[in-house]
2 protein chains.
Amino acid sequence: MGLQLTRGGEYAIRAMTYLARYPEGHVASLRDIGRAQEIPESFLAKILQSLVHAGLAVSQRGAHGGFALARPAEQITMRDVIEAVDGPISVNLCTLDPEECKRSSTCEVHKAWLRAQEQLMDVLGGVTLKSLAPQPVA
Amino acid sequence: MGLQLTRGGEYAIRAMTYLARYPEGHVASLRDIGRAQEIPESFLAKILQSLVHAGLAVSQRGAHGGFALARPAEQITMRDVIEAVDGPISVNLCTLDPEECKRSSTCEVHKAWLRAQEQLMDVLGGVTLKSLAPQPVA
DNA sequence: GCCAACAGGACCGTTTCACTCCGGTCTCGA
DNA sequence: TCGAGACCGGAGTGAAACGGTCCTGTTGGC
């Protein structure tokens with residue numbers, strides 16, 4: 001289809017939004033998140049690991065362990081989450097790798113892609129988990 | 001990688017931009033376009049067929065045949081071209097298929113996706129082939 | 001009628017997606 | 001201290017999409 005988010009990215013947003021509903025520092029287990037958001041747990045495990053590696057979430061091992069946001073929900077954006085899971089957002093190869101597009105300096109198409117990409121990143125970078133979360137749960 | 005254009009979409013833009021450099025109605029052969037834009041010819045054939053089916057290009061068979069834009073370059077946008085080749089632009093499944101997202105009415109995430117998608121389509125829908133073409137060739 | 005050029009369908013190797021599995025490690029709490 | 005609960009992380013996997021190729025038409029100009 002092209003230009004579409006991966007499943008992993010979608011799940012990551014849902015999982016993080018779920019965490020954002022709780023008070024800061026609240027720990028939820030893989031199982032809790034998976035059940036609540038209807039995400040296959042074994043897959044979710046991978047996704048959460050990416051988020052931890054990216055510094056967006058923290059994990060607690062051992063009994064009563066789980067995951068929590070690494071910083072306040074208003075300081076994490078959709079863009080952060082998506083890039084953590086799917087890698088850098090690049091709407092076209094030539095906007096990512098300067099080597100790829102030799103004629104980038106003169107090419108009007110290249111400029112158009114850059115503009116499209118900036119717009120997209122602005123929107124995604126402007127939406128915080130806080131604004132995505134429904135009424136918080138105590 | 002996610003959120004990235006397909007090769008086919010990229011080639012389609014390049015091919016159409018090539019046609020847009022010439023006076024209206026100018027016919028260029030598959031071979032000409034492929035050589036000029038460094039696109040594998042057998043693959044380009046598929047892409048041009050999609051563009052013809054979508055009504056963006058017209059083809060002329062037989063000797064001295066080839067392809068031309070179906071309408072003036074200022075009336076064809078990047079969005080038109082991409083959708084013709086890669087299908088409808090939908091940044092997430094839930095923005096395409098209303099059935100897919102049961103909670104769409106209440107879901108803040110859904111609204112965010114809709115906004116991101118609209119922004120992207122606005123940008124791509126605002127760029128015409130004419131504005132992409134370098135100085136025309138007589 | 002020949003040759004140039006598109007039409008279109010079948011095919012195909014590779015990569016990515018979307019998951020799963022499993023052994024390992026850590027930690028709490030009884 | 002020991003064991004159950006929970007994350008860690010790497011390997012594996014089936015299906016689908018991507019990115020093409022190829023071959024047999026069919027069309028049309030000369």
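All chains are named by letter (A, B, ...) in the order of the sequence lines, taking the proteins before the strands, and each is independently numbered beginning at 1. This one's a predicted model, so the numbers in the text were calculated from it and none came from an experiment.
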Below 4.5 Å, heavy atoms only, C-beta onward: do A/M16 and A/M78 meet side chain to side chain? no

Would you find a donor on one side and an acceptor on the other, under 3.5 Å apart, between the side chain of A/S131 and the backbone of A/V127? no

Could I get the full list of salt bridge (charged side-chain N to carboxylate O under 4.0 Å, His left out) partners for A/R115, not counting sequence neighbours? none

Quickly work out the B/Q4 CD to D/dC18 P distance and round it to whole Å. 12 Å

Mind listing the residues from residues 51-59 of chain B sitting with a heavy atom below 4.0 Å of DNA chain C? Number order is fine. B/H53, B/S59

Got a salt bridge between B/E10 and B/R7, using NZ or NE/NH1/NH2 to carboxylate O under 4.0 Å? no

Atom pair CG (B/L69) and CG (B/L129), whose distance is rounded to the nearest 0.5 Å: 6.0 Å

From CZ of A/R31 across to C1' of D/dA4 the rounded distance in Å is 13 Å

Is there a path of hydrophobic side-chain contacts, each under 4.5 Å between heavy atoms, that joins B/I33 and B/V52? yes

Pull out every residue in residues 79-86 of chain B that has a heavy atom closer than 4.0 Å to any atom of DNA chain D, ordered by number, or say none. none

Side chain of B/R79, backbone of B/L124: donor and acceptor closer than 3.5 Å? no

For residues 37-78 of chain B, pull every pair meeting ring-ring contact (aromatic ring centres under 6.0 Å, His included), keeping only residues two or more places apart or in separate chains. B/Y11-B/F43

Could you tell me which residues satisfy side-chain contact (heavy atoms from CB on, under 4.5 Å) with A/E24, sequence neighbours excluded, listed by chain and number? A/P72

Which part of the nucleic acid, if any, lies within contact of A/L30, taking any heavy atom under 4.0 Å across all strands shown: a base, the sugar-phosphate backbone alone, or nothing? sugar-phosphate

Per nearest nucleotide of DNA chain C, the residue lying toward the 5' end, B/F67 or A/G8, is B/F67

Is the backbone of A/A133 close enough, under 3.5 Å, to the side chain of A/R21 for a donor and an acceptor to pair up by distance? no

Please write out the pairs of protein N or O atoms and N or O atoms of nucleotides 20-23 of chain D separated by less than 3.5 Å, giving the distance to one decimal.
unit_1: D/dG20; atom_1: OP2; unit_2: B/Y11; atom_2: OH; d: 3.0
unit_1: D/dT21; atom_1: OP2; unit_2: B/S42; atom_2: OG; d: 2.5

Take A/G65 and A/Q49, find for each the nucleotide of DNA chain D with the closest heavy atom, and name the residue whose nucleotide sits nearer the 5' end. A/G65

Hits for side-chain contact (heavy atoms from CB on, under 4.5 Å) against A/A84, two or more places apart or cross-chain, chain-then-number order -> A/L51, A/A54, A/L56

Compare all side-chain heavy atoms of B/T128 with those of B/I76 and state whether any distance is below 4.5 angstrom. no

Contact letters for nucleotides 24-30 of chain D, in which S counts primed atoms plus P, OP1 and OP2 and B counts the base, heavy atoms under 4.0 Å: -BBBBSS

Tell me if a side-chain donor or acceptor on A/D86 pairs with a main-chain N or O of A/E83 at a distance below 3.5 Å. no

Could you list the residues that satisfy side-chain contact (heavy atoms from CB on, under 4.5 Å) with B/Q117, not counting sequence neighbours? B/S90, B/V91, B/T95, B/M121

Sorted by chain and number, sequence neighbours left out, side-chain contact (heavy atoms from CB on, under 4.5 Å) with A/V58 holds for A/A68, A/A70

Chain A reaches DNA chain C, atoms under 4.0 Å from its heavy atoms, from C/dC17 to C/dC28

Between D/dC7 atom C1' and A/L48 atom CG, what is the distance in whole Å? 10 Å

Not counting sequence neighbours, which residues clear side chain to side chain donor-acceptor pair (under 3.5 Å) with B/D32? List them please. B/S29

